[in-house]
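Working notes, structure below.
Chain identifiers are assigned alphabetically (A, B, ...) following the order of the sequence lines, protein sequences preceding nucleic acid strands; residue numbering begins at 1 within each chain.
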There are 2 protein chains.
Amino acid sequence: MIFKFLIRNRSVFLYGISLAILLLFIKWLEWRLIVIDYTIELYVGAIAVIFTGLGIWLAKKLTQPRTNTLVIEKQVLVKTEHFVLNEAEVTRLRLSKRELEVLQLMAEGLSNLQIADRLFLSLDTIKTHSSKIFEKLEVQRRTQAVEMARKLNIIS
Amino acid sequence: MIFKFLIRNRSVFLYGISLAILLLFIKWLEWRLIVIDYTIELYVGAIAVIFTGLGIWLAKKLTQPRTNTLVIEKQVLVKTEHFVLNEAEVTRLRLSKRELEVLQLMAEGLSNLQIADRLFLSLDTIKTHSSKIFEKLEVQRRTQAVEMARKLNIIS
DNA sequence: ATTTCCCTCATACTTTAGGGTGATTTGAAT
DNA sequence: ATTCAAATCACCCTAAAGTATGAGGGAAAT
């Protein structure tokens with residue numbers, strides 16, 4: 001119990017012990033002064049040296065180290081994950097939600113029929129959407145549409 | 001001359017002055033001890049306090065500031081990533097130079113006829129190349145081929 | 001010398017894509 | 001209430017894409 005306490009507060013404990021020893025040393029010096037006729041200058045010198053040391057030690061102990069924050073920019077290659085839909089372009093081009101959806105599937109390489117099946121719509125509907133998309137993107141073919149959409153960041 | 005020297009070594013000069021003043025103060029205390037019958041304990045205490053302070057000041061003055069360098073890695077997204085052809089995939093898929101060329105133009109949204117014109121070939125040749133490409137990429141349509149090629153990094 | 005692959009082109013045929021037009025319904029805005 | 005855009009679907013027609021097959025020349029490897 002007591003040991004654990006001592007270990008936990010080792011620093012404080014050591015400081016106390018040190019002070020006690022120091023006081024004893026001073027007292028001993030004092031005794032020496034009385035018994036033997038030492039000069040007072042020597043005594044004062046010793047005190048000065050000891051407490052200068054103590055001051056230095058205290059300063060080192062008390063001042064927390066300064067922290068230099070060093071920010072290193074680490075370059076990370078990011079593939080596709082960082083896609084953010086370019087809302088501005090979508091609104092500028094007046095692409096509807098459905099059209100964007102079709103465009104997305106188009107970019108995945110699906111045929112119109114596959115897109116129709118996927119969205120539970122008729123082939124003709126997808127054709128209509130496709131035409132609208134091409135019109136709005138000012139392209140002629142689906143491959144161009146995908147290319148354009150990728151460039152404008154309106155598909156992932 | 002002398003002034004410049006003093007300015008340059010201001011720290012040392014100040015330290016010397018301080019010590020001189022301190023010694024004077026000690027001497028004055030000594031004088032006080034002789035004249036008036038002060039207790040030696042008070043004298044020692046004063047010395048202790050003064051030199052503890054001196055120690056702290058010295059420590060602060062002399063030791064270079066301790067610094068903990070905290071390294072923070074900041075991730076920076078680099079999206080430039082100028083295209084590097086994945087040679088390994090190209091050889092693995094046994095794509096010929098011509099096929100890669102056609103695939104590239106295909107990805108740019110050109111029709112087979114446009115590709116033919118661009119490469120000074122007949123439409124049928126491009127169709128043959130296209131078929132071969134689809135076969136090797138294991139896809140059915142050009143859009144899928146482009147998608148796959150992009151994924152495999154064999155086109156820019 | 002033979003094989004193999006690439007590149008080229010051709011014919012015939014099927015499938016898919018795309019253009020044009022029009023109609024209906026629904027929901028939101030004016 | 002009317003207008004407007006979005007979404008849906010249909011029909012017709014043309015263009016483009018894709019499949020299958022074959023064939024000939026050339027270059028490189030075995």
Worksheet item: Over its full length, what angle do the end axes of the helix from C/dA1-D/dT30 to C/dT30-D/dA1 make, each axis taken from five pairs and the result rounded to 10 degrees?
Response: 50°

Worksheet item: Going by an N to O cut-off under 4.0 Å, is there a salt bridge joining A/R150 and B/E147?
Response: yes

Discussion item. What I want to find out is whether A/E89 reaches A/R92 closely enough, with some N-O distance under 4.0 Å, to be called a salt bridge.
Written reply: yes

Item to complete: At under 4.0 Å between heavy atoms, which parts of nucleotides 9-25 of chain D does protein reach? Answer with one letter per nucleotide, 5' to 3': B base, S sugar-phosphate only, - none.
Response: BBB----SBBB------

Fill in: Range on DNA chain C touched by chain A, heavy atoms, distance below 4.0 Å
C/dT16 to C/dG19

Practice prompt. Calculate, to the nearest 0.5 Å, the distance between atoms CG and OG1 belonging to A/L110 and B/T143 respectively.
Written response: 8.0 Å

Worksheet item: About how many Å separate CD of B/Q114 and CE of B/M106, when rounded to the nearest 0.5 Å?
Response: 12.5 Å

Worksheet entry | Residue pair A/G109 / B/Q144: nearest heavy atoms and the distance that separates them | O-CG, 3.0 Å

Can you sort out the partners of [X] under side-chain hydrogen bond (donor to acceptor under 3.5 Å, both in side chains), two or more places apart, ordered by chain and number?
| X | answer |
| --- | --- |
| A/Q140 | none |
| A/E99 | A/S96, A/K136 |
| A/T125 | A/S122 |

Item to complete: Side-chain contact test, heavy atoms from C-beta onward, threshold under 4.5 Å: evaluate it for A/Q104 versus A/I154 and give yes or no.
Response: no

Worksheet item: Side-chain contact, heavy-atom cut-off 4.5 Å: B/L103 with B/L137?
Response: yes

Discussion item. Check this one for me: any side-chain N or O of A/H129 less than 4.0 Å away from OP1 or OP2 of D/dA7?
Written reply: no

Worksheet, complete the sentence: Rounded to whole Å, the NZ-C1' distance (A/K132 to D/dA5) equals 9 Å

